[in-house]
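Here the structure comes first, spelled out in structure tokens, and everything after it is commentary.
Note that these values count all heavy atoms, side chains included, but never hydrogens, waters or copies made by symmetry. Here the structure is a predicted model, which is why all the values come from computation and not from measurement.
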Amino acid sequence: MDTPDQEHYIARRRNLRISPQKLRLAADLIRGKNLQRASDLLEFTPTKSANLMRQILNNALANAEQRQADLDSLAVTKVTVDKGMVLKRRKPSGRGRMRGVFHRYSHVALYLSERKKG
């Protein structure tokens, strides 16, 4: 996918209290987009997952600024959303039974790298 000399700027968040299925919807929105377009898409998407993904994108941008990257040529090259821990709870149901309630967590890694001109 990438050449070995291409530099990545990475931001990772672990144990986000949202299911990976919901968070992957926001990840699919920004994958492959340039930095400005990705930021605009996430800002005007009214979901919790878009808000969390925007925070992660801002962290990756801060990492790139700290290492003096050219911000105009940066793009989101890779976003991975992995399954985290699952809290298992029980809830009373009808006819004296119990049903399972699963609180799912996610791990996210977002990679920025410079797009080649031309």
Side-chain angles (χ1 to χ4, degrees):
M1 178 182 143
D2 298 321
T3 58
D5 60 343
Q6 192 173 12
E7 193 167 9
H8 293 290
Y9 307 101
I10 305 169
R12 288 189 178 95
R13 291 278 302 266
R14 294 176 52 82
N15 297 323
L16 290 171
R17 181 56 190 93
I18 188 169
S19 71
Q21 183 178 5
K22 293 176 186 175
L23 204 53
R24 283 186 189 115
L25 294 173
D28 292 340
L29 272 179
I30 63 170
R31 191 175 288 120
K33 305 281 192 301
N34 67 11
L35 195 58
Q36 183 62 39
R37 178 80 174 134
S39 180
D40 289 343
L41 281 171
L42 292 176
E43 184 176 354
F44 294 109
T45 304
T47 60
K48 178 182 176 181
S49 61
N51 188 27
L52 292 171
M53 195 61 72
R54 195 175 85 229
Q55 291 174 4
I56 298 166
L57 182 67
N58 289 338
N59 289 344
L61 176 63
N63 292 341
E65 283 178 355
Q66 187 174 6
R67 292 167 58 187
Q68 286 86 28
D70 180 22
L71 301 181
D72 295 331
S73 65
L74 287 179
V76 179
T77 54
K78 186 177 172 184
V79 182
T80 60
V81 179
D82 298 322
K83 180 181 171 184
M85 65 180 174
V86 178
L87 295 180
K88 296 174 184 173
R89 301 291 184 254
R90 310 281 288 183
K91 182 176 180 181
S93 182
R95 300 175 66 176
R97 299 179 185 182
M98 299 294 275
R99 71 176 186 93
V101 177
F102 302 104
H103 301 286
R104 300 178 195 279
Y105 284 70
S106 302
H107 303 318
V108 179
L110 189 140
Y111 296 79
L112 295 178
S113 65
E114 294 185 11
R115 273 206 173 147
K116 296 187 177 179
K117 307 284 185 199

Check your understanding: Roughly how far apart are Arg90 CZ and Arg97 CZ, rounded to 0.5 Å?
Key -> 12.0 Å
Practice item. Give the C-alpha distance, both sets of side-chain angles, the deciding distance and a yes or no for side chain to side chain donor-acceptor pair (under 3.5 Å) between Thr47 and Ser49. Key: CA-CA 5 Å; Thr47 60; Ser49 61; 3.2 Å; yes
Review point. Any cation-pi pair here, Arg89 with Phe102, using under 6.0 Å and within 45°?
Key: no
Exercise for review: To the nearest 0.5 Å, tell me how far Ile30 CD1 sits from Arg37 CZ.
Suggested key: 12.0 Å
**Study point:** Beyond-backbone contact of Pro92 with Met98, side-chain heavy atoms, under 4.5 angstrom
**Key:** yes
Review point. Between atom NZ of Lys22 and atom CZ of Arg104, what is the distance when rounded to the nearest 0.5 Å?
Key: 10.5 Å
Practice item. Report yes if the side chains of Thr45 and Arg54 come closer than 4.5 Å at any heavy-atom pair, otherwise no. Key: no
Check your understanding: Can you tell which of Arg14, Met53, Arg24 makes a side-chain contact (heavy atoms from CB on, under 4.5 Å) with Val108?
Key -> Met53
Study note, to complete from the structure: Of all heavy-atom pairs linking Pro20 and Ser106, the shortest is N-OG, 3.1 Å
Exercise for review: Please name the pair of heavy atoms, one in Leu112 and one in Leu61, separated by the smallest distance, quoted to 0.1 Å.
Suggested key: CD1-N, 3.9 Å
Check your understanding: Can any side-chain N or O of Asn63 pair as donor or acceptor with the backbone N or O of Ile10 at less than 3.5 Å?
Key -> yes
Revision key, fill the gap. For His8 and Ser113, the nearest pair of non-hydrogen atoms, with its separation, is ND1-CB, 3.7 Å
Check your understanding: Any side-chain donor-acceptor pair under 3.5 Å between Gln55 and Asn59?
Key -> no
Point to revise | Interatomic distance, Glu65 atom CD to Asn58 atom CG [nearest 0.5 angstrom] | key: 9.5 Å
Check your understanding: With hydrophobic residues grouped by side-chain heavy-atom distances under 4.5 Å, do Ile56 and Leu71 end up in a single group?
Key -> yes
Review point. Under the 3.5 angstrom rule, does the side chain of His107 hit a backbone N or O of Asn15 as a donor-acceptor pair?
Key: yes
Review point. Can Asp28 and Arg31 be counted as an ion pair, charged N to O under 4.0 angstrom?
Key: yes
Review point. So how far is it from Thr80 OG1 to Tyr111 OH, rounded to the nearest 0.5 Å?
Key: 5.5 Å
Exercise for review: Indicate the atoms forming the closest heavy-atom contact of Val86 with Lys83, along with that distance.
Suggested key: CG2-CE, 3.9 Å
Practice item. Taking the side chain as every heavy atom from C-beta outward, state whether Glu114 and Glu7 have any atom pair closer than 4.5 Å. Key: no
Review point. Just how far is it from atom CZ of Arg13 to atom CG of Leu23, taken to the nearest 0.5 Å?
Key: 10.0 Å
